[in-house]
Amino acid sequence: MATPHISAQPGDFAPAVLMPGDPKRAARIAEQLLDEPRLVSDVRGIGAYTGLHEGKPLSVMASGMGQPSLSIYATELFTHFGVERIIRVGTAGGLAQGTKAGDVVIAIGAHTDSSINEKLCPGISFSATASWSLLSAAAQFAGNDPAVKVGPVVSRDLFYGNPPEQVKRLAELGTLGVEMEAAALYGIAANLHKEALAVLTISDHLFDPTQDMSPEERETKFQKSLAIAVAAALS
Ligand code: HPA
């Protein structure tokens, strides 16, 4: 049965879904990776595509921006469409020393300033962590590429107005990047006994605005994170 935000039928989705933030990127990923991609939902312009990648079923669907938007799509996919694993593919701002624009970050866990996971276990500061099966498959595929880092990120509710002291402290604590979705995805997957991972490309660095990538560089680096995400999704 269709849900309020996904006009598809059970069986229209593969067990594994790649989830970028941007619906246009979802369309490009589907075009690139899937044999005969089928548009299975298009509510609010959030296109969802299903096809085969090297003979294995795979879906691609955008989350929109921020934890509330991702939460709607991830929850409906997990509860109504037989989806077992969601791999977020997106960008993050670089935080910790040694993190550079163009690096790929596999998010082992996600701190957050959101209250979104507080309801999961009242009185406990919930650890929003990746699924080990997906994380280990991703890390194994990445091998010892020095530009691929595995560590924590922070999922913030606001894109604008990061408190400088807090961001500095998060960097000191080894937080590799700042983005806006992973903690909610990890919390939802834990709550529903499903699997989740975020594979992020560092698009810019919060403490070094000179780190800028050319459009070509952005695309190549994104391809690396996409390849890692696909390897995890189909592992
Ligand atoms: N903040 C939040 N999300 C992001 C950023 C950022 O600085 N860069 C890329 N995605």
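Indexing begins at 1, ligand by ligand and atom by atom, following the structure's order. Values below: every heavy atom of this structure, side chains too, minus hydrogens, waters and symmetry copies.
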Q: What pairs of donor and acceptor atoms, side-chain ones from residues 89-111 against any protein atom, are under 3.5 angstrom apart with sequence neighbours left out?
A:
| residue | atom | partner | partner atom | Å |
| --- | --- | --- | --- | --- |
| T99 | OG1 | A96 | O | 2.9 |
| D103 | OD2 | K100 | N | 2.8 |
| D103 | OD2 | K149 | NZ | 2.6 |

Q: One line per pair, note the atom names and distance for all nitrogen or oxygen contacts under 3.5 Å between ligand 1 and the protein.
A:
| residue | atom | partner | partner atom | Å |
| --- | --- | --- | --- | --- |
| ligand 1 | 8 (N) | G93 | N | 3.1 |

Q: If you measure only the distance, is there a donor-acceptor pair under 3.5 Å linking the side chains of R218 and Q223?
A: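 No.
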Q: How would you list all residue pairs meeting side-chain hydrogen bond (donor to acceptor under 3.5 Å, both in side chains) that involve residues 128-141, not counting sequence neighbours?
A: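 Residue pairs passing side-chain hydrogen bond (donor to acceptor under 3.5 Å, both in side chains), neighbours aside: S133-E195.
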Q: Output side-chain donor-acceptor pairs under 3.5 Å for residues 8-29, partner residues at least two apart or in another chain, one line each.
A:
| residue | atom | partner | partner atom | Å |
| --- | --- | --- | --- | --- |
| D12 | OD1 | R38 | NH2 | 3.3 |
| D12 | OD2 | Q9 | N | 2.7 |
| D22 | OD1 | K24 | N | 2.8 |

Q: Return yes if a side-chain donor-acceptor contact under 3.5 Å exists between T112 and S155, otherwise no.
A: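 No - no donor-acceptor pair under 3.5 Å links their side chains.
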Q: Could you report the tightest heavy-atom contact between Q166 and R156, atom names first, then the distance?
A: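 Closest approach of Q166 to R156: OE1-NH1, 2.5 Å.
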